[in-house]
There are 2 protein chains.
Amino acid sequence: MARSMHVRRPATLASLAAELGVSRTTVSNAYNRPDQLSPELRRRVLETARRLGYPGPDPVARSLRTRKAGAVGLLLTENLSYAFRDPAALGFLEGLALACEDAGTGLMLIPASPEREDVAAVHRAGVDGFVVYSVPDDDPHLAAVLERPVPTVVCDQPDIGNVDRVGIDDRSAMYELAQHLIAMGHRRVGVVCMRLARDRNDGYVSVDRQHAAHFHVQRARLAGLAMAFSEAGVDWSKVPVVERFDHNTASGEAAAAQVLDRDPSITALICTSDILALGAMNEAKRRGLRVPEDLTITGFDGIQEAERAGLTTVRQPVLEKGRAAGKLLLDVGERTRPRSVNLSTELITGTTAAAPRTIAEERWFGP
Amino acid sequence: MARSMHVRRPATLASLAAELGVSRTTVSNAYNRPDQLSPELRRRVLETARRLGYPGPDPVARSLRTRKAGAVGLLLTENLSYAFRDPAALGFLEGLALACEDAGTGLMLIPASPEREDVAAVHRAGVDGFVVYSVPDDDPHLAAVLERPVPTVVCDQPDIGNVDRVGIDDRSAMYELAQHLIAMGHRRVGVVCMRLARDRNDGYVSVDRQHAAHFHVQRARLAGLAMAFSEAGVDWSKVPVVERFDHNTASGEAAAAQVLDRDPSITALICTSDILALGAMNEAKRRGLRVPEDLTITGFDGIQEAERAGLTTVRQPVLEKGRAAGKLLLDVGERTRPRSVNLSTELITGTTAAAPRTIAEERWFGP
DNA sequence: CTGAAAGCGCTAACAG
DNA sequence: CTGTTAGCGCTTTCAG
């Protein structure tokens, strides 16, 4: 006899089967393999389900059984506010989301802020794989992800462990930009970079700290600069490099001020991101320095705001990076050995870099 | 005897327990209730786990057992590209993500684009609840969410079913803006609005279509306008209302052109979003119309770009909206009856609205 | 086309 | 502090 009393607990597949007097298999098939039962029976099953308020197979139970969660996790060790405000991060996110959408896969943002040392969220995440975006190489969350027995794709990291990787050649890209400046005649330069490690250090950066940087991207960009300028006969250890923990234009302004205060004679200020460069532009303006006549300023990333400002920078395909990461993770293909995708970059010669004035004058009037 | 051969399948809690010669409970406790066993034993368990490559309790199995997924789903029936490019949507997303982060909860983006009629993703999502942002009231994905036996919060929707709600009073806010314009003397106006239903209709909107709009937000804003102008003696059915499916400045430009072509005599162009208004500004400029001298233009949302442009608009707290939605969903408190949160808005009197020229002239020279 | 059996990997009482 | 007992709700061979 049917029992259609109010049950606090919603119906289950089993209770539905009992109600119908069929086996659980049949009910399961009604949902997952419509061709395995008569249309008539299927209709009856679905209708009874509706009547009983059965919402369909429980996704978690199904996941346990099928060993598929239908979602990938995104680890972003950074305040989410950052991720949603930084244009480059946003572009990455969009590309990744697009790849997930194409595959019909959910994208789960893992709550892992830098303060929160709590790695539990990584353990708790019911996902089929992880994408790790721009975290320091000593991040405990990253370590936790690598312990999980699911495929992982890291972005903006050197090759690590047995995981896929996607990124750009930050070192070469920055090397190329540096050579561009060197060719223009710049020798006295200053640098503004993003955070190099998990500890806050808003100020000068020793060469040691540069080498020991835990953010591969920043380390590589600085290395590219060091290489180019050293080759050009510049003593890199004398070049002022200023670091900022927070990544916004205000940081760029403050850092630029710090460099210019220390050495007003520099002819170029190289920033390792467009956001910082945009801030530096503000600071230059405040000081009455014309760009590029009095000071050359460069960025990195190629975000839209930079383009609008005519910034000389390196463009990297952030959206493609996200999409590539998603594809790599979701591609069921050969996963025999770790794959590595390097996207190409492009030097954008904007209007914020020019030959230093002294050089320009020499050109006019002769040496 | 221990069996430490290479097992393809990673170790399970049970196998670990067997290896150690303890019960599964003990191993479970080692992870979930450290105070329930001796530190020494716990150390042994954890160490053996590491040795065997046991990655800790499987999150899905745990979820099945505990009936908690540790994540909430976000339904955003719209191309993700949209969500990541529209400043208002982004603000909402940020607020929601912040609330989730605070609670240590994952945020899962459900892959549900408008094209994809496939509701399966909603069924597949292993989440403890849903937030539904700005979808049409006849969206099948929304229906699927409401069938799931988990708490749900809808945004920018009227009260529906037995779910919590967060939003603003779009009708009143727009009514107030309209009165502002009416007080200035505007009587001949045109309107540009966002999509009103799932079908594409880039063009004029009948009053019937306005009333039947499936996007509550747009319907309410138009209703506010209709009310205010009707009260002011304007025949609303004669007011040109133009709709655009895509939401970007290009759409705003085209729609504005359409209105201005039809009725060049209008003194104000009211747009139901800042993005559209920004587009309208471009179009006005292209036509050599000065704003506000020749044409008043208004928006809605209060995004940063609008502020920079000095747009007269209505500001709504998008970030707070997201945060409120998250809080509502994650708040374990009394869930006896559906809760409704109405956030307040603010009329921003920018520099894009002024008395129509004829009126202004009358003021100068007398009637 | 349908059903019986066998878990997926884990946690939560409740007794020792 | 530790173990036993019972499932969470579902899918999946494999026989009928």
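By convention in this document, chain letters (A, B, ...) are assigned in the order of the sequence lines, proteins followed by strands, and residues within each chain are numbered from 1. All values below come from the heavy atoms of this structure, side chains included, with hydrogens, waters and symmetry mates left out.
Between the side chain of B:Arg339 and the backbone N or O of B:Val163 there is no donor-acceptor pair closer than 3.5 Å. B:Ser28 places no side-chain N or O within donor-acceptor distance of the main-chain N or O of B:Arg24, the cut-off being under 3.5 Å.
Nearest-nucleotide mapping onto DNA chain D: of A:Arg62 and B:Asp35, the residue sitting toward the 5' end is B:Asp35. Residues B:Gly21 and A:Arg33 each lie close to DNA chain D; by heavy-atom proximity, the contact nearer the 5' end of the strand is made by B:Gly21.
Protein atom CG of A:Leu13 is 12 Å distant from nucleotide atom P of C:dG3, rounded to whole Å. Distance CG (A:Leu41) to C1' (C:dG3): 12 Å, rounded to an integer number of Å. Rounded to an integer number of Å, the gap from B:Tyr54 OH to C:dG9 P is 10 Å. When rounded to the nearest whole Å, the span between CG of A:Asn32 and P of D:dT13 equals 13 Å. Remark: C1' of C:dC1 and CZ of A:Arg42 are 15 Å apart, rounded to the nearest angstrom. Atom CG in A:Leu20 sits about 10 Å away from atom P in C:dG3, given to the nearest Å. Residue B:Arg65 contributes atom CZ, which lies 15 Å from atom P of D:dC10 at whole-angstrom precision. Rounded to a whole Å, the CZ atom of B:Arg67 is 17 Å from the P atom of C:dC10.
Each of D:dT11, D:dG9, C:dC10 was ranked by its minimum atom distance to the side chain of B:Asp58; first place goes to C:dC10. Side-chain atoms of B:Arg24 lie closest to D:dT5 of the nucleotides C:dA5, D:dT12, D:dT5. Side chain of A:Thr25, nearest nucleotide from C:dG9, C:dT11, D:dT12: D:dT12. Closest contact between the side chain of B:Asn29 and the listed nucleotides D:dG9, D:dT2, C:dA12 involves D:dT2. Closest contact between the side chain of B:Gln36 and the listed nucleotides D:dA6, D:dT12, D:dT2 involves D:dT2.
Contacts of A:Leu37 with the nucleic acid, taken as non-hydrogen atoms under 4.0 Å apart, involve only primed sugar atoms and P, OP1 or OP2. Looking at heavy-atom distances under 4.0 Å, B:Val22 makes contact with sugar-phosphate atoms alone, never a base.
B:Thr66 contributes no side-chain N or O that forms a donor-acceptor pair with the base of C:dA12 under 3.5 Å.
Residues B:Arg198 and B:Asp138 are paired through a salt bridge, judged by an N-O separation under 4.0 Å between the basic side chain and the carboxylate. Ion pairing of A:Asp58 with B:Arg67 is present here, as a side-chain N (NZ or NE/NH1/NH2) and a carboxylate O approach within less than 4.0 Å. Under the 4.0 Å criterion applied to side-chain N and carboxylate O atoms, A:Arg43 and A:Glu40 are assigned as salt-bridge partners.
For the OP1/OP2 pair of C:dT2 and a distance below 4.0 Å, the side-chain nitrogens and oxygens of A:Ser23 include no atom meeting the criterion. Side-chain nitrogen and oxygen atoms of B:Thr26 include at least one within less than 4.0 Å of the OP1 or OP2 phosphate oxygen of D:dG3.
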